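Shown next, in structure tokens, is the structure this report addresses.
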Amino acid sequence: MIVVICGPTASGKSKLAIRLAQDFNGEIINGDAFQVYKELEIGTAKPTKDELMMATHHLFDYVEPTKNHSVMDYQVEARKTINEILSRKKLVVIVGGTGLYQKASLYDYTFTEEKENVDLSDLAPLSNEELYSYLVSLDEKASLKIHPNNRKRVLRAIAIIRQTGCKKSEIEEAQEHKMIYEDVHFVGLNINREELYKKINDRVDSMFEEGLVEEVTSLYEKYDFNNNAFKGIGYKEFIPYFEGKNSLEETKELIKKNTRNYAKRQFTFFKHQMPTIWCDSIEEAYNYVKGLVNKDD
RNA sequence: GGUCCGGUAGCUCAGUUGGUAGAGCAAUGGACUGAAAAUCCAUGUGUCGCCGGUUCAAUCCCGGCUUGGACCA
């Protein structure tokens, strides 16, 4: 059985996952795009060393911050790990806030082999409109699902054609949009918005107390912040601070705001993209999983 | 006590030569297949500080009051 603990950031997912793994013979897999990186600790709200020892954790802390990590890389590792845990006849507990990563691992998403060194530089000077009409000419079906202003997606759809020789729409049509595992349960932690925002604000405050500034400062001295690892909330907001444009207080408020915005997007994703069962408290979620495990026996 | 400037959306403010108002941010809803903590889309009714006057019509003009700030005593 696979249980996915999802829901917004700061809702208590990690702690619940540990309890479930301990009580129901489970192992935990990270389902979060930024907790995969080494050295990013406080800002990613990674489980502490003590917590990591309370249950078996996988896919935390295994990617170098300079490496470009993608959904496909995650998918490969996650599926491998899921299969290993299942073969041990243990409960798989996936926990994290990145819905896309979880979906890509559990559903029949396929990523086609890409040619390297494909030149896309001719696209850079094009306006959004020009780029979009170019995509329409290449893959009209895919273009219908992308807004012309969403340059990143438009570019990606064009890149797929150049790098794989296949159309994005064709790749997706070849899939059944079904889960590739049996007995998968998405359990979402639902929190009243006001309460969640307070938790987020408090958590950012305690990140600063725990030494976030020191962590980010030493990373900034060591690495190029253009790497994807530093595009995460709690890291990218420090760039204007290091450049002398923002105060520390402004940086902190920005992190809080971005985290709140992010939490809202997470609700939308988990609400509409997967068959999530929502629980109003940690206890309720725990009991729900307990019921599933007992029924399974 | 006097002079001047301000009080308009949750916040910062714009505006209406008089016809009951709009930006940014926030907030809310949504999309999501190789950056996803990313990227993108949609949504603006608010006693225009209060009371009165002028007017067909006042948030706008006039008077008073209230309130914040600056300056002068």
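Everything numeric in this text was worked out from a predicted model, so none of it was measured. Naming: A, B, ... by sequence-line order, numbering from 1 per chain.
Taking atom P in both A58(B) and U67(B), the straight-line distance is 27 Å, to the nearest Å. Comparing the P positions of G6(B) and U16(B) gives an interatomic distance of 13 Å, to the nearest angstrom. G22(B) and U47(B) have their P atoms separated by 15 Å, given to the nearest Å. Taking atom P on both nucleotides, A70(B) is separated from G53(B) by 35 Å, rounded to a whole Å. The C1' atoms of G44(B) and A57(B) are separated by 25 Å, rounded to the nearest whole Å.
Across all strands, T44(A) comes closer than 4.0 Å to base atoms (heavy-atom distances). Looking at heavy-atom distances under 4.0 Å, R260(A) makes contact with sugar-phosphate atoms alone, never a base. Using a 4.0 Å heavy-atom criterion, one finds that A33(A) contacts the sugar-phosphate atoms exclusively. Residue K145(A) is classed as having no contact, given no heavy-atom separation below 4.0 Å to the nucleic acid. Across all strands shown, G99(A) has no heavy atoms under 4.0 Å from either base or sugar-phosphate atoms. When heavy atoms are screened at a 4.0 angstrom cut-off, Q75(A) is found touching no nucleic acid atom at all. Base contact: Q175(A) has a heavy atom under 4.0 Å from a base atom. Within the 4.0 angstrom heavy-atom criterion, only backbone atoms of the sugar-phosphate kind lie near R193(A); the bases stay farther away. Residue Q266(A) is classed as having no contact, given no heavy-atom separation below 4.0 Å to the nucleic acid.
Comparing atom distances between the L100(A) side chain and each of A35(B), G30(B), A36(B) picks out A36(B) as nearest. The nucleotide whose nearest atom lies closest to any side-chain atom of N150(A) is, among G30(B), A36(B), U39(B), U39(B). For Y197(A), the listed nucleotide lying nearest its side chain is U28(B); candidates were A31(B), U28(B), A37(B). Closest contact between the side chain of K257(A) and the listed nucleotides A26(B), C32(B), A37(B) involves A26(B).
In this entry the distance linking NZ of K271(A) with P of G29(B) reads 6 Å, nearest Å. When the P atom of U33(B) is taken as reference, atom CD1 of I161(A) falls 14 Å away, rounded to whole Å. Spacing between atom CD1 of I146(A) and atom P of A35(B) amounts to 13 Å, rounded to whole angstrom units. When rounded to the nearest whole Å, the span between NZ of K264(A) and C1' of G30(B) equals 8 Å. Atoms CZ (R151(A)) and C1' (U39(B)) sit 12 Å apart, rounded to a whole Å. Atom C1' of nucleotide A37(B) and atom CZ of F269(A) are separated by 13 Å, given to the nearest angstrom. Remark: P of C32(B) and CG of L144(A) are 14 Å apart, rounded to the nearest angstrom. Atom OH of Y262(A) and atom P of C32(B) are 17 Å apart (whole Å).
When all heavy atoms are compared, the tightest approach of L212(A) to I42(A) is N-CD1, 3.9 Å.
Proximity of the aromatic rings of W278(A) and F267(A) is defined here by a centroid distance below 6.0 angstrom, and this criterion is met. Checked against the 6.0 Å centroid threshold, F230(A) and Y223(A) count as a close aromatic pair.
Taking CG of L196(A) as the reference point, atom OG1 of T9(A) lies at 8.0 Å (rounded to 0.5 Å). Going from atom CG of N30(A) over to atom CZ of F60(A) covers 4.0 Å, rounded to the nearest 0.5 Å.
Of the two residues contacting RNA chain B, namely R265(A) and L155(A), the nearest-nucleotide position lying further toward the 5' end is that of L155(A). In this structure, E172(A) and N149(A) both approach RNA chain B, and ranking their closest nucleotides by distance from the 5' end singles out E172(A).
Between the side chain of D32(A) and the base of A37(B), at least one donor-acceptor pair of N or O atoms lies under 3.5 Å.
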Problem set entry | Intermediate values then yes/no, ring-ring contact (aromatic ring centres under 6.0 Å, His included), F225(A) and Y220(A) | CA-CA 7 Å; F225(A) 260 43; Y220(A) 189 75; 5.0 Å; yes
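Between E195(A) and K198(A) there is no salt bridge, since no side-chain nitrogen of the basic residue lies less than 4.0 Å from a carboxylate oxygen of the acidic one.
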